[in-house]
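Below is one structure, written out as structure tokens, with a few remarks after it.
All residue numbers refer to positions in the sequence shown, counting from 1.
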Amino acid sequence: MAKRLVKVASELNVGTATIVDHLVAKGFEIENRPTAKVSDDMYTELLNEFQNSMAVKNQADQLVIGPQSKPAAPETPTVVAPPPPAPEPTPEPEVKAPEPEEASVAETADDGVIKAELTEEQKPKVKVVGKIDLDAKKKPAKAKVEKEEKADKPAPSQEPAADTEAQPSESEEAKPVADPKKADELVRAKTPQLQGLKILGKIDTKQFEKKKKEPKETDADGKRKRKRTRRKVSTADVIREQRSRGARGGKGGGRSDEVREVSQKEIEDKIKATMARIKGGGKNKRQKIRRDNRAEKREKQELIDLEQSTDVIELTEFISVSELASLMGISATDVIMTCMNLGVIVSINQRLDAEVIELLAEEYDKEIKFVDAEETIEEEEVEDAPEDLEPRAPIVTVMGHVDHGKTSLLDYIRSANVATGEAGGITQHIGAYEVDVDGKKITFLDTPGHEAFTAMRARGAKVTDVVVIIIAADDNIMPQTKEAISHAQAAGVPMVFAINKVDKEGANPERIKQELASMNLQVEEWGGKYQSQDISAKTGLNIDLLLEKIVLEAELLELKANPNREAVGTTIEASLDKGRGYVTKILVTNGTMKIGDSLAAGEYSGKVKAMFNDRGKKIKEAGPATPVLVLGLNGAPQAGEKVRVYESEQEARDIATRRSVISREQSNRAAKRISLDEIGRRLALGSFKELNLIVKGDVDGSVEALSDSLIKLSQESVQVNVIHKAVGQIIESDVLLASASDAIVIGFQVRPSLGARRIAEKEGVEIKTYSIIYEAIDEITKAIEGLLEKVKEEKIVAQVEVQEVYKISRVGTVAGCIVREGTITRNTKVRVIRDGIVIYPTKPGVEAELASLKRFKDDAREVKNGLECGLSVKNFNDIKVGDFIEGYVIEEIAQTLN
């Protein structure tokens with residue numbers, strides 16, 4: 001059973017730092033915290049190492065100061081602690097019996113004896129001088145008793161010898177004491193009666209009284225006069241003093257011995273030895289040296305930066321008020337007052353955004369420069385020596401438009417069908433594969449071609465050495481192909497064009513090359529610098545020639561890495577496996593990753609528990625340019641995050657924690673994308689709506705791509721918010737969050753748990769699951785279109801010409817008309833137009849209606865084109881011959897995002 005570190009230190013009588021250093025030196029892992037747990041193996045090792053200290057502690061615990069209330073057990077007899085042996089043995093002097101006055105002194109001395117319980121080895125050896133015959137007759141004699149008392153009792157000032165017998169305990173003081181040498185029987189000793197005090201003399205107390213100080217003499221200036229005393233010195237005293245000065249090397253005499261000079265090397269060695277003792281005796285030397293070197297480099301860089309630019313303050317966004325005040329050299333109170341004057345209410349620990357920081361810098365005439373948060377956290381890159389570098393395999397990324405044959409090409413190369421495992425037959429994840437081509441290894445990265453996976457293609461271009469742009473010969477250069485070319489050019493990596501499907505009917509590779517030339521990308525066949533190869537991924541035509549060109553491009557780059565260092569890599573994908581936890585696919589770019597390494601990726605950290613290659617085989621280490629599946633991180637880092645191995649798990653955890661703080665602050669600020677003014681403006685229009693979404697997926701790359709695509713669907717009147725996105729199954733907490741925020745749960749390649757499904761039915765939360773990304777985007781697009789306000793459009797349905805006007809009492813003006821176009825109904829809204837100008841209604845927002853519509857003498861519901869009718873306009877009588885009455889209806893048309 002594990003024990004706490006502080007308890008083990010108390011048991012062993014050793015400091016916690018000494019225990020931690022010893023365990024680390026022996027290969028154990030433990031933190032220097034009082035509550036750290038010590039395993040059974042660690043405890044056994046500590047017992048073997050510090051058993052002497054434990055024995056000393058046990059002896060100290062057994063010491064008892066003062067008289068004991070109970071006699072000691074027979075197994076551990078109470079004896080008087082023996083004093084240190086005398087340098088020379090002396091004969092025992094004759095001891096006289098003490099006077100009555102001295103009896104109490106001896107008894108008092110006995111009360112203060114320090115008694116100790118000793119082990120069998122530490123017991124004093126008792127010398128047997130003789131034996132007592134207990135059967136002999138008891139013949140008490142007063143003279144004999146006095147003689148025995150004189151022999152047994154030592155003088156009050158004399159300490160007992162080392163070879164004497166043990167003194168009796170307090171409970172046994174009244175029992176008779178027998179001398180084995182002289183007495184044959186035990187006789188109880190009589191305690192003498194005290195006779196009172198005996199006055200020996202008197203002490204004069206006047207000699208202890210303080211004498212009054214005489215007033216000090218002063219001169220005319222009020223200063224104290226110094227008295228000079230004259231002392232007679234003989235010639236012998238002067239000679240003696242000069243000789244003593246000469247022996248000490250003082251003035252007026254030569255040195256008797258030469259002082260040896262101490263070299264600088266001896267001084268440095270002494271300093272190093274002292275520092276080594278202070279730091280724990282040289283344990284964990286490698287880690288401490290590296291830490292010191294990093295601290296020294298950091299201090300030098302800070303001094304250089306301070307000398308180069310003393311006025312420019314480098315800082316990150318979202319720093320607190322106290323941190324900004326310390327950087328600017330002013331008090332936090334002044335910063336808070338300045339913010340209040342600017343209309344911003346802040347506290348001392350509140351984090352500021354870039355806009356407020358710039359305002360404060362202008363207020364205090366400071367020049368600031370914003371740096372990336374990752375730059376401040378990441379430690380400096382360790383440069384490898386040229387002699388340590390070794391050739392490594394190239395990393396090749398295959399990019400292009402969807403369904404142009406990227407995955408089919410890799411299928412043929414590695415003889416495995418990958419696309420059949422993807423939903424819809426399209427790649428929705430980044431795949432990393434290691435292929436052996438003529439004894440040379442090549443690492444291929446397969447990126448998605450769908451337009452939603454822009455971020456994945458950008459990351460694939462950053463970690464690669466060579467990019468293969470695949471284009472279908474029976475198609476054109478599509479937008480995603482152009483985007484892939486732009487990513488490769490931005491990353492500055494060489495490109496090889498693979499024109500696929502040349503065996504298909506209607507294929508025209510020359511047209512593809514012509515389109516490339518129009519983009520200023522000349523292939524070698526046309527006199528350019530870019531290599532190109534016509535292939536067929538289905539039949540394997542010319543794929544060997546394509547691989548040769550890829551290897552040639554890689555050889556020109558002379559790719560090298562140092563396998564004998566801590567690993568550095570890039571996160572390709574991360575997912576949550578039900579049986580294995582968080583699984584991260586990492587591409588190691590430098591160094592060697594081993595099982596047990598402590599690593600950090602983004603805001604997550606952990607230890608490598610297991611590693612698998614691209615074929616699913618368990619491996620123990622992964623060198624440069626090797627894709628590997630890692631178990632052990634405490635979360636799913638974002639695709640593209642840098643992965644680095646650190647010396648200790650604590651260091652990796654600290655780095656990840658600092659990143660998570662910054663990431664959390666950025667996400668909190670980014671969630672407030674709509675300002676209050678913007679919300680007020682949209683609410684004033686009366687059409688502002690929100691669509692809240694929760695996105696869960698199988699891998700981080702797909703979740704990120706889907707979330708970005710959905711956020712881009714936002715319109716002016718409908719705001720799409722992804723309030724939560726994560727990797728893994730849809731669980732109860734996701735449904736509860738959706739219920740509280742009126743959100744829809746979107747699952748991509750994942751399913752809800754049984755509990756989540758029940759809560760969703762109870763709370764009325766909608767859960768939508770998809771396997772193909774564009775299906776999810778289309779459905780959300782329709783949902784957003786349903787939230788859009790319908791557009792009102794006016795449609796002209798009738799044109800009626802006024803031919804006669806009749807004025808009828810109690811009715812008003814009635815117009816005799818003919819329908820020139822369309823059909824007019826009783827409920828049709830109308831306008832009265834004279835000479836092309838609307839004369840009624842003229843006020844905005846007012847609509848005119850028909851008061852009556854008749855055909856001959858009967859009321860009519862509608863009058864069609866070419867027929868005559870009589871009508872009157874409600875609340876308007878100024879109708880004249882030649883006016884046109886225009887009939888119209890308002891139709892509501894649903895908006896689309898297009």
Side-chain angles (χ1 to χ4, degrees), residues 298-299 301-380 600-605 635 637-638 640-642 653-683 690 692 704 707-708 711 714 719-725 741:
R298 195 179 298 111
E299 290 176 359
Q301 187 63 34
E302 288 176 357
L303 291 175
I304 293 173
D305 296 341
L306 187 62
E307 292 175 358
Q308 289 178 351
S309 59
T310 56
D311 298 333
V312 179
I313 302 174
E314 291 188 354
L315 44 81
T316 61
E317 193 179 4
F318 308 125
I319 65 171
S320 64
V321 172
S322 59
E323 293 171 348
L324 179 63
S326 62
L327 289 174
M328 297 175 65
I330 56 180
S331 65
T333 307
D334 295 341
V335 175
I336 294 174
M337 291 297 297
T338 306
C339 289
M340 293 177 66
N341 294 334
L342 295 174
V344 181
I345 306 300
V346 297
S347 62
I348 191 169
N349 294 322
Q350 184 172 338
R351 296 185 178 272
L352 307 174
D353 55 16
E355 184 179 358
V356 177
I357 293 173
E358 289 176 351
L359 290 175
L360 291 172
E362 292 177 2
E363 190 74 18
Y364 289 101
D365 295 331
K366 301 287 185 180
E367 186 177 354
I368 60 173
K369 177 183 177 183
F370 289 102
V371 296
D372 189 8
E374 294 293 328
E375 296 178 3
T376 60
I377 293 177
E378 292 293 340
E379 298 188 13
E380 64 277 359
E603 53 187 285
Y604 302 103
S605 63
Q638 290 188 0
E641 291 282 5
K642 290 291 183 182
R653 191 184 302 115
D654 292 343
I655 293 290
T657 303
R658 292 166 61 189
R659 288 176 181 160
S660 64
V661 171
I662 295 176
S663 176
R664 193 183 309 115
E665 190 67 31
Q666 289 174 343
S667 63
N668 292 340
R669 298 301 177 101
K672 303 175 183 177
R673 292 178 181 170
I674 307 178
S675 63
L676 294 175
D677 296 337
E678 181 68 12
I679 290 178
R681 185 182 69 82
R682 295 184 184 183
L683 289 176
E690 281 187 314
N692 295 326
E704 183 183 0
S707 301
D708 293 343
I711 290 174
S714 298
Q719 175 69 30
V720 179
N721 297 325
V722 178
I723 60 176
H724 177 63
K725 58 181 179 179
S741 55

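With values rounded to the nearest 0.5 angstrom, Asp334 atom CG is found 11.0 Å from Leu360 atom CG. Separation of atoms NZ (Lys366) and CG (Leu324) is listed at 10.5 Å; rounding is to 0.5 Å. Here Arg658 contributes atom CZ and Glu603 contributes atom CD; the two are 14.5 Å apart, rounded to the nearest 0.5 Å. Rounded to the nearest 0.5 Å, atoms OH (Tyr604) and CD (Glu641) are 9.5 Å apart. In this structure, the separation between CE on Met328 and CD1 on Ile368 is 8.0 Å, given to the nearest 0.5 Å. Distance check: Leu359 CG to Cys339 SG gives 8.5 Å after rounding to the nearest 0.5 Å.
In plain terms, the two heavy atoms of Ala332 and Val321 that are nearest each other are O-CG1, 4.3 Å. Minimum interatomic distance between Ser714 and Gln719 (heavy atoms only, all atoms of both residues): OG-NE2, 3.9 Å. The minimum heavy-atom distance between Pro637 and Ala601, with the atom names listed, is CB-O, 3.5 Å. For the residue pair Ile330 and Val335, the shortest heavy atom distance occurs at CD1-CG2, 3.5 Å.
Scored by the side chain to side chain contact (heavy atoms under 4.5 Å, CB included) test, Ser707 finds Val695, Val703, Val722, Lys725 as partners (sequence neighbours excluded).
At a cut-off of 3.5 Å, with distance as the only test, a side-chain donor of Ser320 or Ser322 sits close to an acceptor on the other residue.
Residue pairs meeting the side chain to side chain donor-acceptor pair (under 3.5 Å) criterion with at least one partner in residues 338-347, sequence neighbours excluded, are Thr338-Tyr364.
A donor-acceptor pair under 3.5 Å is absent between the side-chain atoms of Asn721 and the main chain of Asn692, judged by distance alone.
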